[in-house]
Amino acid sequence: MIEFRNIWKSFGGQVVLRGIDLRVMRGEILFIIGASGVGKSVTIKHVVGLIRPDRGEILLDGQRIDDLDERHMYAVRRRCAMVFQHSTLLDSMTVLDNVALPLIKHRRLSSARAREQARAYLDRVQMSEFADLLPAALSDGMRKRVAIARALTMEPEYILFDEPTTGLDPVSARRVDALIRGLSRDLGVTTVVVSHDLTSIFSIADRIAFLYQGKVHALGTPDQLRRSTDEVVQQFISGRAEGPMETPGF
Ligand SMILES: Nc1ncnc2c1ncn2[C@@H]1O[C@H](COP(=O)(O)OP(=O)(O)OP(=O)(O)O)[C@@H](O)[C@H]1O
Ligand SMILES: [Mg+2]
């Protein structure tokens, strides 16, 4: 379980998080949603130590992780993989070598063994037939799937996705949704997804946390959020642009 306890974070004079309280339960797919700039990416970056809180605590299976040094944070990053919005694949290496690299570097497999396993991970995301291509030859959706295969090489217990379907065409987006759902179901990975994509949200989320003004403003199942009478929640999930904005006067 990942637990955020009263997390506060400012940048310069701007207070972004104002006491985030949230528990991610084992095995679930939890979506974090909310307006652009509300602090969704900042929230999940706390889990892997890319951002440290000004105040509050983060616990992983009951152990505090917000105050760990880099050496101990490394162990956390092996358990919690993060898939970033923009591809972080190495352009000069084939798809296969991109996925084999962490197996060689972190799991210390021989090059031949790493490549063999990398193929199996690529198969898991239906990308094995593209193993010998360079990332530049792939579509965004395909690159996303390779990035997911690479994250799986660490056999993480948790995967954090930042906007996995943003910028993808609807067919690719639904494939990524199906993949996330499948990983959760087949491997039991606990999943946190930051997203704007209403289709993903309402088709694969077990629970949704809606951030507003630096806090978890609403939390519940997709059905509970759909039925919410809260005006800001309704405005977001109905995709309406009018109504109260995150930044008044913006
Ligand atoms: N490293 C940083 N230094 C300074 N400001 C930052 C930093 N990271 C985030 N911010 C600011 O914190 C706020 C929240 O950013 P964040 O990226 O979490 O938004 P978001 O909810 O993920 O938005 P989007 O949906 O557009 O991705 C923004 O105003 C952003 O400019
Ligand atoms: Mg973001």
Side-chain angles (χ1 to χ4, degrees), residues 2-22 24 29-58 65-68 70 73 77 80-88 140-141 143-144 147-148 151 158-168 172-173 176-177 180 191-202 204-205 207-219 222 225 230 232-250:
I2 302 171
E3 189 172 357
F4 297 84
R5 284 191 187 159
N6 193 28
I7 298 297
W8 287 71
K9 184 67 189 176
S10 301
F11 295 101
Q14 181 201 5
V15 188
V16 176
L17 303 184
R18 299 169 182 267
I20 295 281
D21 283 304
L22 183 63
V24 184
I29 301 181
L30 177 88
F31 270 61
I32 298 180
I33 69 173
S36 189
V38 74
K40 304 179 296 294
S41 299
V42 165
T43 300
I44 61 169
K45 283 177 183 169
H46 277 87
V47 177
V48 289
L50 292 174
I51 292 179
R52 305 282 178 157
D54 296 338
R55 207 159 14 119
E57 297 177 356
I58 298 179
I65 56 167
D66 55 278
D67 55 357
L68 295 180
E70 273 303 302
M73 197 41 102
R77 289 186 192 129
C80 303
M82 182 137 168
V83 178
F84 293 91
Q85 175 170 359
H86 298 290
S87 164
T88 51
D140 289 344
R143 269 200 291 276
K144 186 73 72 181
I148 294 171
Y158 299 89
I159 307 187
L160 310 162
F161 293 94
D162 200 348
E163 309 271 6
T165 59
T166 302
L168 301 185
S172 306
V176 169
D177 283 349
I180 294 173
T191 309
V192 180
V193 185
V194 165
S195 183
H196 281 115
D197 183 337
L198 291 168
T199 311
S200 301
I201 295 166
F202 287 106
I204 66 167
R207 288 196 306 152
I208 300 169
F210 178 75
L211 300 198
Y212 181 65
Q213 294 183 336
K215 289 187 168 208
V216 177
H217 181 78
L219 178 68
L225 257 79
D230 186 290
V232 259
V233 172
Q234 276 310 323
Q235 183 202 336
F236 187 89
I237 66 177
S238 64
R240 279 184 285 125
E242 76 275 16
M245 298 281 287
E246 187 58 36
T247 320
F250 179 70

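A quick note: this is a predicted structure, and the numbers were derived from the prediction, not measured. Numbering of ligands and ligand atoms starts at 1, following listing order.
- If you look at Gln85 next to ligand 1, there are no close heavy atoms at all, none under 4.0 Å.
- The His196 neighbourhood of ligand 1 comprises atoms 25 (O), with distances under 4.0 Å to a heavy atom of that residue.
- Residue Val38 has at least one nitrogen or oxygen atom sitting less than 3.5 Å from a nitrogen or oxygen atom of ligand 1, judged on distance alone.
- Proximity of atom 30 (C) of ligand 1 to the protein is not indicated, since no non-hydrogen protein atom lies closer than 4.0 angstrom.
- Protein heavy atom in closest approach to atom 17 (O) of ligand 1: Ser41 CB, 3.6 Å.
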What's the verdict on side-chain contact (heavy atoms from CB on, under 4.5 Å) for Arg77 and Glu70, showing C-alpha distance, side-chain angles and the deciding distance?
-> CA-CA 10 Å; Arg77 289 186 192 129; Glu70 273 303 302; 3.2 Å; yes
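- Among the atoms of Val42, some N or O lies under 3.5 angstrom from an N or O of ligand 1.
- Within a radius of less than 2.8 Å around the Mg ion (ligand 2), the protein N, O or S atoms are Ser41 OG.
- Summary of contacts: the protein heavy atom closest to atom 1 (N) of ligand 1 is Phe11 CE2, 3.8 Å.
- Heavy-atom proximity to atom 26 (O) of ligand 1, evaluated over Ser36, Ala35, Gly12, is greatest for Ser36.
- For atom 12 (O) of ligand 1, the closest heavy atom belonging to the protein is Val16 CG2, 3.4 Å.
- In the vicinity of Gln14, heavy-atom distances shorter than 4.0 Å reach the ligand 1 atoms 29 (O).
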